[in-house]
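Structure record follows, encoded as C-alpha cells.
To find a chain, count down the sequence lines: A is the first, B the second, and so on, and within it residues start at 1. As a basis for the values below, the full set of heavy atoms in this structure was taken, side chains included, without hydrogen atoms, waters or symmetry mates.
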Number of protein chains: 2
Amino acid sequence: MSEPSPGLVSAAIQAITQHIRSEGLAPGDPLPSEAAMTRQLNVSRTVVREAFRSLSAMRLIDMSAGRRATVAKLDTGAMSMVIEHGITTQQISVQQVYDVRRTIEMRTVALAALRRTDQEAAAISRSARLMRENFRNPEAVMEHDIAFHEAIAAASHNPVFSLIVTAFSGVTRRTWVIGWRTRSSDEAQLKMIKGHEDIADAILKGDPRLAAEHMAEHFDKSVKALIDAGIA
Amino acid sequence: MSEPSPGLVSAAIQAITQHIRSEGLAPGDPLPSEAAMTRQLNVSRTVVREAFRSLSAMRLIDMSAGRRATVAKLDTGAMSMVIEHGITTQQISVQQVYDVRRTIEMRTVALAALRRTDQEAAAISRSARLMRENFRNPEAVMEHDIAFHEAIAAASHNPVFSLIVTAFSGVTRRTWVIGWRTRSSDEAQLKMIKGHEDIADAILKGDPRLAAEHMAEHFDKSVKALIDAGIA
DNA sequence: GGTAGCAACCTGTCATACAGGCTTTAGGGA
DNA sequence: TCCCTAAAGCCTGTATGACAGGTTGCTACC
C-alpha cells in the first residue's frame, strides 16, 4: 500500500506486515524479536523499533515489556484516531459523521434484527433500559447510548461494521451532551430514550424494516438537535 | 481515546495530539521539534521520536528530513492498514467488506447524483469510459473501476465516505481479478462495464434513485461472482 | 540591493548501555 | 522420581551520544 516512502522504517513496516501475511499468522501469534528483525533487515534496532511501535500505535500488533510482540485482534484504535484527527483539524464536520453513522446503522440495525442471538438482543435491550434508569445522569445515559449502538453493530455479525461504528464513538462522546441539552425538558429526553427502546423491541421481534425505521427517525432527530444547537 | 497504556510513548502521542487540538492546528501547520518536545515532556528523544513516527505511520502528521513535522491532511493510510490486517489475519472476510461497501456506496451514489458538480460527473463518466476502452487489459480496467468508485465517493462531498471507500480499495485490488475471471465471456465482462456506465449516467442525470438501483445491482452481481469463485 | 554561502537547526540512522519483565532450565530438596 | 525454586538468558523500554544529510534563514560580500 502506497509508495515505498523512502525510509528504512517504512520498509521495516512493510517487512513486518509482509511477514504476517506470508506466515499466515493469526491474532496472538508471536512476531520475530526486534533483534531478529534487525539482523534480517540489516538496519539498526532504532529503525526496527520505530516500525514495531508504529504498528503497535495502529493496534495491528500488541507489545509489552519482556514479551515478544504478537499479532493483534481487530481493534478500532487507528480508525478512531483518524476520525478524531479529521474532526479536530476541521477537515470533517460532526454532521458528516452523523450522515455516515446513519447510513451504516440503518444497515446494522436491520442485520441485527435478522441475525441477533437471544443474548445479543438482551444486551441491546439492557442498554436501552439502563438509559432510562439512569436518565438523571447524562454521563451514564451517554455511555449506555454508545454501548447500545455498539451492541447493535456487534449483533450484525459483521466486524467491519463494528469497527466503523466503534471508531465513531469517540466523536460521539464529544458531542453527545450538546444534543442532550437541546432536549431541555424531561419529556423530550425520555422521548429520545423511548426511541432507543423502540429500536431494541424491533430487533427483539426480528423486524428489520421496523428497526430501520426507528433508527432513521432516531438519527433524523439527533441531527436536528445538533443543528438546532448550531453545530455546523 | 483508550486507557493511558502505561508507557512514555503513548503519553507522548497523547501530548502531541493534544497539542494539535489545543493550538487549533490545521493541515500544514508545523509541530514542535523533537528537541522541544523532549524538553517539554522530560523524556528522551527516543520516546518522542517513536511517538512522532507512530503518528506519521497513521498519516496524522507528515514528516520529512530537515523539516519539522506538520499536521497532515486527511488520509486513508491507517484505515486501509487496519482493513488489510483484518483480511490477512482472517478476522474479516471479503464478503463482509463487500456488504459494507454496498451499504456505503448505495449512499454515496445517491448523494453524488444530488450533489455532483459537472466536473465530478465528467470524472465519473470518464472512468467508466476508460474501463470500456481498456477492457482487454484487466489491470487497467481494475484501476479505472477503483477510480470510478472513489470518484463517486468524492462527489458525495462527505470526506468520511471517501475515507472509508478508499480504505477498501486495497482489498479490492487483491480480489478484483477473481470476480473478473468468473465473467468468462467478453459479453459478461462488457455487461459489467455497462453497469458502471448506467451508474455514471444516472449520476449525470441527477437521479439518485436510479443511481442507487444500478449500484445495488452492480454489488449484487459482484458478490455473486465472488461466491461463485468460492470466496468465503 | 541582491545574492551566494555559511551557520544553525532539524530529522534519519546507528551504536551502546542498562533497567526491568518473562521464560526456561538446571539444580536442589522432598 | 517429582516438584519447586532460583538463576541465566532473552526480550522490550528508555536514555545518551554521535554523525550524516536536508532545510532555512541570516550574514557578509559583491
Side-chain angles (χ1 to χ4, degrees), chain A residues 2-20 23 25 27-73 75 77, chain B residues 2-20 23 25 27-73 75 77:
Chain A
S2 76
E3 342 68 56
S5 68
L8 301 183
V9 176
S10 298
I13 290 176
Q14 294 251 141
I16 296 167
T17 56
Q18 177 58 35
H19 176 89
I20 294 174
E23 298 290 312
L25 299 187
D29 290 347
L31 275 66
S33 73
E34 293 174 2
M37 204 55 95
T38 291
R39 283 189 299 274
Q40 181 189 323
L41 298 179
N42 203 37
V43 295
S44 74
R45 193 186 157 204
T46 305
V47 170
V48 171
R49 258 197 81 72
E50 287 183 9
F52 271 95
R53 183 65 81 174
S54 294
L55 292 172
S56 168
M58 285 187 272
R59 310 287 191 101
L60 301 191
I61 67 176
D62 291 321
M63 296 175 75
S64 69
R67 269 201 286 265
R68 299 232 291 243
T70 58
V71 176
K73 282 198 307 186
D75 184 288
Chain B
S2 76
E3 343 67 57
S5 69
L8 301 182
V9 176
S10 297
I13 290 176
Q14 294 252 138
I16 297 168
T17 56
Q18 177 59 34
H19 176 88
I20 294 174
E23 298 290 313
L25 298 186
D29 289 348
L31 276 65
S33 73
E34 293 173 3
M37 204 54 94
T38 291
R39 283 189 298 274
Q40 181 188 323
L41 300 179
N42 203 38
V43 294
S44 74
R45 192 187 158 205
T46 306
V47 170
V48 172
R49 257 197 80 72
E50 287 184 9
F52 271 96
R53 183 65 81 172
S54 293
L55 292 171
S56 168
M58 285 187 273
R59 311 287 192 101
L60 301 191
I61 66 176
D62 291 321
M63 296 175 76
S64 70
R67 269 200 285 262
R68 299 232 292 246
T70 58
V71 176
K73 279 198 309 187
D75 183 289

Tell me, please, which residues at least two apart from B:Thr46 pass side-chain contact (heavy atoms from CB on, under 4.5 Å). B:Ser44, B:Glu50

Which nucleotide of DNA chain D is the first, and which the last, in the 5' to 3' direction, to come under 4.0 Å of a heavy atom belonging to chain B? D:dT14 to D:dT24

From CD1 (A:Ile13) to CG (A:Leu55), nearest 0.5 Å: 5.5 Å

Classify every nucleotide of nucleotides 10-22 of chain C by which part a protein heavy atom approaches to under 4.0 Å, writing B for the base, S for the sugar-phosphate alone and - for neither, in 5'-to-3' order. BBBBB--B---BS

Under the salt bridge (charged side-chain N to carboxylate O under 4.0 Å, His left out) rule, collect the residues that match up with A:Asp75, sequence neighbours excluded. A:Arg59

Would you please test A:Gln18 and A:Gln14 for side-chain contact (heavy atoms from CB on, under 4.5 Å) and show each step? CA-CA 6 Å; A:Gln18 177 58 35; A:Gln14 294 251 141; 5.8 Å; no

Candidates A:Thr38, A:Val48, A:Val9 - the one meeting side chain to side chain contact (heavy atoms under 4.5 Å, CB included) with A:Val43: A:Val48

Sequence neighbours excluded, the answer for side-chain contact (heavy atoms from CB on, under 4.5 Å) partners of A:Thr70 is A:Asp62

Kindly write out the residues that satisfy salt bridge (charged side-chain N to carboxylate O under 4.0 Å, His left out) with A:Arg39, not counting sequence neighbours, or none if the list is empty. none

